[in-house]
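Since we're looking at a predicted model, the values are computed, not measured. Proteins get letters first, then strands, A, B, ... in listed order; numbering begins at 1 in each.
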Protein chains: 2
Amino acid sequence: MPDKPLNAASDSYHHGDLGNALLAAAETLLHSHGPGGLSLREVARVAGVSHTAPYRHFSNKSALLAALAQRGLERLHDAMAAAAASVPHGPEQQLIAAGVAYVSFAVSHAEIMQLMFGPHIGPAPVGTEKDAFAVLLTIVESGIAAGVFRARDAGELAQVAWSTMHGLAMLITANRLDVDVSDPAALAERVSSVASNVIYGLSR
Amino acid sequence: MPDKPLNAASDSYHHGDLGNALLAAAETLLHSHGPGGLSLREVARVAGVSHTAPYRHFSNKSALLAALAQRGLERLHDAMAAAAASVPHGPEQQLIAAGVAYVSFAVSHAEIMQLMFGPHIGPAPVGTEKDAFAVLLTIVESGIAAGVFRARDAGELAQVAWSTMHGLAMLITANRLDVDVSDPAALAERVSSVASNVIYGLSR
DNA sequence: ACCTGAACACCGTTCAAGT
DNA sequence: ACCTGAACACCGTTCAAGT
């Protein structure tokens with residue numbers, strides 16, 4: 001009974017979802033080998049196809065890495081948005097929550113962060129790379145409207161917040177700050193401390 | 001008259017300074033190819049030696065890259081220290097000057113920054129990777145002593161400053177912020193603005 | 001349409017051999 | 001001591017060929 005399965009692709013010659021299978025394999029290998037150590041041939045091997053099959057789905061290795069980075073940008077945005085939404089206690093707490101989400105994501109996806117913000121790929125497609133920034137911008141805008149943040153250009157304040165969180169995340173994942181990344185509570189404490197200092201300033 | 005030249009190595013077989021010649025060649029190639037795109041064989045080619053000669057000076061490719069990163073950390077420290085020393089107008093201005101130096105270095109040495117803070121190499125040898133941080137720490141300490149900065153743990157405030165400057169630098173070199181990197185004045189303006197916001201805070 | 005195998009021009013690293 | 005050439009096990013990418 002040679003029926004065509006609609007939900008499964010057990011046929012195994014065309015397994016139908018090779019694009020996503022390759023991305024999944026690449027993500028696994030990225031975790032163990034790091035970017036640069038990832039080879040397209042090994043990705044194909046893990047996915048169970050010949051080493052030229054990936055070229056049916058991605059025009060080259062860079063395109064695969066770019067797709068991975070794109071995925072990462074979306075997930076980071078979602079994690080930040082969810083964190084901010086879960087805190088109805090005002091802009092300061094939302095900013096801190098979004099920062100904790102940012103750094104937590106960076107710690108558990110260090111290699112993908114390198115792809116997202118490194119030189120491996122060009123700038124992300126317009127309208128998407130702003131998504132993580134957009135979360136911060138929204139929080140800052142609501143904070144200005146509520147009179148909690150200074151009435152400066154919101155974009156400028158959001159840039160300050162982004163820079164600080166990004167730098168903190170990169171220095172922590174690069175092992176430059178003495179933070180135990182395996183302890184989520186300690187990590188959140190560190191991020192909260194830095195975020196609070198940015199909110200209230202260094203002066204006086 | 002087969003005298004041995006003491007100052008020059010025009011002999012050309014043993015050219016005496018291959019270690020540094022390799023580092024110089026690697027730095028040039030890094031600028032044009034980016035990290036990852038740099039090949040040890042091409043470095044040797046540029047230096048005019050066989051592709052195995054580098055192994056007399058560096059145990060492997062990672063060791064060459066690590067040496068390059070080490071150099072970069074020292075230069076960054078020197079640039080920051082010089083910038084801070086040239087401004088005797090108090091801790092706030094010194095912090096801003098050091099920040100401008102940090103971001104300027106990052107912009108003109110983007111590839112080496114990736115080596116310095118990326119996953120390509122392990123953490124820098126102890127006592128050296130703290131040098132850039134040490135400049136910030138000194139400024140913060142003097143600011144606390146002068147009553148200009150809050151009397152918190154100086155290390156904590158310096159971490160905030162470092163995170164912000166590092167993040168700003170990385171986002172700018174990754175083309176994530178709309179900054180014209182070819183205009184030094186505009187760059188300094190942007191950095192000053194961010195640094196000032198950190199010093200005085202986002203609140204109120 | 002989708003996948004494969006052979007082929008090309010590269011890598012990093014090792015090792016016996018040369019001066 | 002310092003450097004070389006051949007060799008090995010890999011790469012990314014292309015292309016004619018298979019189903």
Hey, is the side chain of [X] poking within less than 4.0 Å of OP1 or OP2 on [N], counting only N and O atoms?
X	N	answer
A:Arg41	D:dA9	no
A:His51	D:dC10	no
A:Ser39	D:dC11	yes

Quiz item: Between B:Thr52 and A:Ser50, which is nearer to the 5' end of DNA chain C once each is assigned its nearest nucleotide?
Solution: A:Ser50

Practice problem: Please confirm whether the backbone N or O of A:Trp162 pairs with a side-chain atom of A:His166, one donor and one acceptor, at under 3.5 Å? | Solution: no

Separation between [atom1] of [X] and [atom2] of [Y], rounded to the nearest 0.5 Å:
X	Y	atom1	atom2	value
A:Met116	A:Gln70	CE	CD	9.0 Å
B:Asp180	B:Arg190	CG	CZ	13.0 Å
B:Leu38	B:Lys61	CG	NZ	6.0 Å

Between [atom2] on [N] and [atom1] on [X], what's the gap in Å once rounded to a whole number?
X	N	atom1	atom2	value
B:Asn60	C:dT13	CG	P	5 Å
A:Tyr55	D:dG12	OH	P	7 Å
A:Phe58	C:dC3	CZ	C1'	16 Å

Practice problem: Answer with yes or no whether B:Arg56 presents, from its side chain, a donor or acceptor under 3.5 Å of a partner atom in the base of D:dT4. | Solution: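 When only heavy-atom distances are counted, B:Arg56 does not reach the base of D:dT4 through any donor-acceptor pair under 3.5 Å.
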
Quiz prompt | Nucleotide forming a Watson-Crick or wobble pair with C:dA7, both distances under 3.5 Å | solution = D:dT13

Self-check item: Counter-base of D:dT19, judged by Watson-Crick or G-U geometry with both distances under 3.5 Å
Solution: C:dA1

Quiz item: Want to settle it: does A:Glu42 or A:Ser59 sit nearer the 5' end of DNA chain D, counting the closest nucleotide to each?
Solution: A:Glu42

